[in-house]
Amino acid sequence: MISKPRYTPEEEDRMIDDAFQDVLKGYLASNHRKKVEIINRAYQFAREAHKGIRRRSGEPYILHPIAVAKIASQEIGLGSTSICASLLHDVVEDTDYTVEDIRNNFGDKIASIVDGLTKISGGLLGDQASIQAENFRKLLLTMAEDIRVILIKMADRLHNMRTLGSMAPHKQFKIAGETLYVYAPLAHRLGLYAIKTELEDLAFKYEHPQAYERVKSQIIASEEERNRLYTNFSAPIIKRLHEKGIEFEAVNRVKSVFSVWRKMELKQIPFEEVYDIYAMRIIFRCEPKIEVEKTICYDIYNTITSFYHPHPERTRDWIVNPKANGYQALHVTAMGPDGVWVEVQIRSERMDDIAERGFAAHWKYKNGEGEEEPELNNWIKTIQDILKNPEPNALDFLDTIKLNLFSSEIVVFTRDGDMLNLPKGSSVLDFAFNIHTNIGATCIAAKVNHKLVPLGHKLNSGDQVEILTSKTQTPKEEWANDMVTARGKTRLRSALKKQRHIIVENGRKIYRDFLVDNDLPASPEITSRIIRDLKARNREDLYYQLGANKIAFSEEYVKRIKSTPSLFTRIFGSLGGGKTPSNKELSRQKDEAEATKINTKEVYVLHRGNTSSESNFRLSDCCHPIPGDDVLGFIDDNGQVVIHDQTCPHAQRLKATRGSSIVATRWEEETSKDFLADIHVEGIDRIGILHQIIGIISQDMSFNMKRLNIESDNEVFRCDLTLLVNNAKIVVNLCDKLKKIDGVKIANRVS
Ligand code: MN
C-alpha cells in the first residue's frame, strides 16, 4: 500500500529542486570541469520521465536518482558524466524511454552507462544459484566495460539500503542478503571503505536486527571507558606532534557495529574481549607527494614508539606496499599506559581520502592527467581474463571470483624484486601463472627464499619466488587443486586447452601413420571399430589418448584387426584376400636380409629413421652415445648394428673378444633426430643461478629438457639434467657456456 503524500505539490517541487541544487553545489565545489548545462538537462529529462511516479515510501520517484547522483558525486567523487548517468539510471528501466533516446540527447558515453545499469537492474540473487551466477557475471562484464557503471550501481545500492525500511519486507531480505554477499565485498575491492562499512552495517541491521541493537548498545555503553583509555594513550603523542609543528588531526576511530559482531562470531568471544574495538587515527596535512608523506609517516611512527613499545608483529607498512585496492597507510600497534594494545593508523590527507573514498579520489590528485589506477586496472584485467574464458560451470566461476573478492592478500616478490599481490593461500603455481601463462605451463619447481620447493607449496607474505621451468613440462589438470587465484586458474585452463590441442594433433598423425604403415584404409568402419576396441569415447578422444601415449597399437592388435573378415573381405575382397604381403612388408623383409650381410670392411653409415625400427642401428644401453660421438658398431647375433662409445668398457671387451663383428661407422650427415644426453652441473649456490642455467638451456640454444633434478645442500647445488640433442658438439658448447656462469664449477656430459 502506498502512503499518501505528506506535502503539497508546491512544497514537493521545492523539495526536489533543493535536492538537485544540493548536487550541483557539491559538484561545483569539486575540481571537476564545470559542465553544468548537461547536468541540468539530464535532471530535467529524468524529472519529466519519472513525473507522477512515487516510491513505496510515498516520496516522488525523482528524489531517488537525485540522491544517487549526490552519492556518486560527493561520496565517490565522480564527475559530470556519472552525475548525468545517475540522474538517468532508472529512466530506461522504469519509463517508456529507450537507450536510443538517451543516446540522442546525451551522447554515447552516458547512454552506454545507462544501458549497463539497466542490464543489471534485475538484482543478482535469482531463485536458482545458476541464475545468480549468471547475473553476477553480467554485472562484472558491464563493470569491465566502464568502471563507472559499477560505481553508480554502488551509489544506487547505498541509497536503496538507506531507504530499505520503506521497502516490502520480503524485498528487504533479498536486498540485504545481496548487499552482504556481493556489494560490500565489491566496495571493499574498489577501495570504497566508507561505503563498504555503511553497506555492511545496514545489511546487518536488517538481517539480524536483535544482534545489531545489542552490539550497538554495547558499543555506546563502553564509550566513556574507551574515551578515557584513548585520552591516556593519545595525549602525550598529540602534544609532541604539536611541538614538532606537524599539522594533523587525531581521531578515536571506533570499529563498525558489523565488524565488532563479526569478530565476536568468528572468534567466539564476548564483546569485552574484542580488544581492537577502537584505534587512533592520525591524519596529517602535507604536500600530496609520496616522498614527503613517507618522511612524516615515519616521523610520527618514531614519536609513538618513543612513548610506547610497538608490537613486533603488528606493524603494517602499506605505504611501500599498498593494498591491491590502493590503500596506503602506516599501521602500528603499541602497548598503551593502561596495559592494552592500541592500533594507530598513520595517513596523510591524500591517503585518508583514498582509503575512505576509493580510487576515484585519486583523480583529485592527478590534475586531469587521465592516468588510471594500476592496481585497480590489474584487478579489472583479471575479471576480463576470466570473462574471456567462459566457464561451462557458472557456479565454479562465481566461486573463483568470490574467492578473489574475499581473501586477504599476501605480498610476494619476483627474483628481481618486483612485487606481486596474491590472495592468501596462493601457491607457487598461482605465482607462476599470474606472471605469465607460459611460465605457469612449463613450471617444474620453484625456489622460495632460495630453497627448492614443489609446485603446490603455499606462499607467505614477503617470500621471494623464483620459478624453475622446463620446456618439456606440460600443464596438468590436477594443478588446479593447488591454486586459488582466479586469473591463475583461468590461465591454467587455457594452457590445458592448448596442450590438449597439440596432443590431439599428434595423435591424429600417429593414427594416420598407423593406417598407412599397415595398409589400412582410412574408412569410418575401421575408425569406429578401433574407437570401440580401444575404449575411446570418440574420434577426438582416440587421437588424444594416442597422442598422450595412454594407448598404443600392439602387434597382436594389428594382427587381430587385419584378420577380421567382416572388415576386410569387404574392403580387400577384390584384392584377393588379406594374405598377400603388402609392399611395406616386402621392403622390410628385404631390409632384414641386407642387415645380415653387413660388409665389415666398409664404413657403415648410421642412419636414423623416424622410429627405432626405421633406424639401421641400435644405441647401446651402457654408454648412450649420440651423433657426433666417436663410436663403433658391433653386429649382434640378430645381425643388428649396436652402437657403442669408443671409450665404453663394454666396447673395449667386444673389440678384444669378437673383433670380427666390429664395424667402423660414420654418422649420416643430416641428422635431425634427437638423442638423450645426461649433463651434470655443480657449483656454489646463489640467487638466480639455476634460473640462469635453465635460461641458457631453454632459451639460448634450442634444447629440449627431458629431466631435471636439483639438489641443494647449503652452499652447494648439484643439478642433473637430461636433454634431447641432435649432436655431441652442441653439448660441448652448452657445457662451455654453463661453465661461464658465475658460480658454476662443473658442467660435463656424463654417461
Ligand atoms: Mn535505482
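Counting convention: from 1, in listed order, for ligands and their atoms alike.
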Next item on the list: Describe, in one word, how the ring planes of Tyr212 and Phe204 are oriented to each other, choosing from parallel (under 30°), tilted (30 to 60°) and perpendicular (over 60°).
Entry: perpendicular
Check: According to the interplanar angle, ranging from 0 to 90°, do the rings of Tyr230 and Tyr278 count as parallel (below 30°), tilted (30 to 60°) or perpendicular (above 60°)?
Finding: perpendicular
Closest approach to the Mn ion (ligand 1) by [X], given as the N, O or S atom name:
X     : value
His64 : NE2
His89 : NE2
Asp90 : OD2

Notebook entry, point to check: Is a side-chain N or O of Thr197 found less than 3.5 angstrom from the main chain of Tyr193, in a donor-acceptor match?
Noted result: yes
Next item on the list: Please check if any side-chain donor atom of Arg55 sits under 3.5 Å from a side-chain acceptor atom of Ser166, or the reverse.
Entry: no
Next item on the list: Report yes or no: does Asp156 have an N/O/S atom closer than 2.8 Å to the Mn ion (ligand 1)?
Entry: yes
